[in-house]
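Input: a single structure, listed below in structure tokens.
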Amino acid sequence: MQDRLKEKVEEVFGCEYELVTEFTGLISWCKGASIGWHSDDNRPYLRQRDFTAVCYLNSYQKDFEGGLFHFQDGEPKTIAPLAGVSSVSVLPYDSLFISICMDAVMYTADSRNTHSVDEVTDGERLTLTLWFSRDSSHDEDAKLIPLLSESLLHKSNNMPCSFLPLPASDNMYWYSPNQDSHQDFGFDIRLGRLHALGFDVYYSQGTRTSDLSELQMEPMQLARGNHLLDHKFVNILHALQVVQFYFWKVCKSGTFTNEVQSGKVVQLSQSQWKKIIEVKSVFMKDPNVKTVFRSLEQHSFGSATFSGATTAWEDYSCWPLDSWLLRSSQGDLNRTKYHGCLYSGFFSQKF
Ligand SMILES: O=C(O)CCC(=O)C(=O)O
Ligand SMILES: [Fe+2]
């Protein structure tokens, strides 16, 4: 699918060079999610993005309300997402910079294609969005394959599944749409989302660095209220995924079969508090952090159930890797990638 889309983008835009897939995102837009006018390369850390392809996985007015896509200029102005049909094929009205296909919308990622998505007012809007780059140093496969191979090694040594997390992106920053990119605001989305769900982030070593890409790979713990939760997460993305999994499952079924008697929590000490506040002051400066996630529902929290969720999530997240390993042993190792399924909910305001 990725390769077919990439080839189509190269063909449609007459690229005389081979593109690389820079990022693949399976994205859930829950009720309340939206994105204002922007171009996809509009931040320094997104400059490598040259082309975008969005595939709609479900349909406007059938699966969700709102969520219309708009281009600021040119025609067509508005696109109502419809789940894709069989193959990628260009309709006759494709223009130089925008190409509407049967099941994918493709456009150059620069300011010629400023676009927005209306707020999703009901249901859940699902997309598969890919960004392509001319710059081969941004090839996501080059980053993912070594990580997956490492897991393969772990597995063959009978070590526990080194399940995740694969860093979906080195930079997951949020900036308010009207803010210019030189301002020293913004916040890390993982932190913001955890914060909005009632969690603080604790690094036992303190921050030591103001470089988020270093810190994001470090092990960490979560705190809630005055308490530090016992579980050590591989990194912040891992923590966010477990938290989202927890709320998703708890909302659906209320509990986990492997729930332990009591999830271990300890009272936060003064020095642990200091470290928590330090992280917030470095990575969550933006005063808008609360308003971005304003529609988050607050759910009750139980540390025992949460403990159950941490292990249940490992089983849940291992299956793609297991099936990948199975398939790779059957010979198509180079063709199967599971990046997208490990990363969802980026724009969703629900979690
Ligand atoms: O989902 C869409 O229709 C477009 C998404 C978008 O603009 C983006 O991810 O940058
Ligand atoms: Fe966009």
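One-based numbering, in listed order, for ligands and for the atoms of each. Side-chain atoms are counted along with the backbone in the values below, which use heavy atoms only and exclude waters and symmetry mates.
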Taking only heavy atoms of [X], which atoms of ligand 1 are found under 4.0 Å from at least one of them?
| X | value |
| --- | --- |
| Val117 | 2 (C), 3 (O), 4 (C) |
| Tyr56 | 2 (C), 3 (O) |
| Arg125 | 1 (O), 2 (C), 3 (O) |
| Thr127 | 1 (O) |
| Asp40 | 10 (O) |

Review point. Are the side chains of Gln221 and Gln272 in touch, meaning some heavy atoms are under 4.5 Å apart?
Key: no
Review point. How does Trp131 reach ligand 1, by side chain, by backbone, by both or by neither, if only non-hydrogen atoms under 4.0 Å count?
Key: side chain
Practice item. Sum up the protein N, O or S atoms located under 2.8 Å from the Fe ion (ligand 2). Key: 3
Review point. Any sub-3.5 Å donor-acceptor pair from Asn113's side-chain atoms to Ala109's backbone N or O?
Key: no
**Study point:** N/O donor-acceptor pair under 3.5 Å between Glu10 side chain and Leu19 backbone
**Key:** yes
Point to revise | Plane angle bin for Phe245 and Trp313 - parallel if under 30°, tilted between 30 and 60°, otherwise perpendicular | key: perpendicular
Practice item. For Lys275 and Glu278, run salt bridge (Lys or Arg N to Asp or Glu O under 4.0 Å): C-alpha distance rounded to whole Å, both residues' side-chain angles, the deciding distance at 0.1 Å, then the answer. Key: CA-CA 5 Å; Lys275 286 174 183 161; Glu278 197 185 6; over 6 Å; no
Point to revise | For Phe69, all residues meeting ring pair (Phe, Tyr, Trp, His ring centres under 6.0 Å), sequence neighbours excluded | key: Phe71, Tyr107, His115
Check your understanding: Hey, what do you get for CZ (Arg49) to CZ (Phe23), rounding to the nearest 0.5 Å?
Key -> 6.5 Å
Check your understanding: With Glu7, which residues qualify under salt bridge (charged side-chain N to carboxylate O under 4.0 Å, His left out), at least two apart?
Key -> none
**Study point:** With Asp200 via salt bridge (charged side-chain N to carboxylate O under 4.0 Å, His left out) - residues at least two apart
**Key:** Lys280
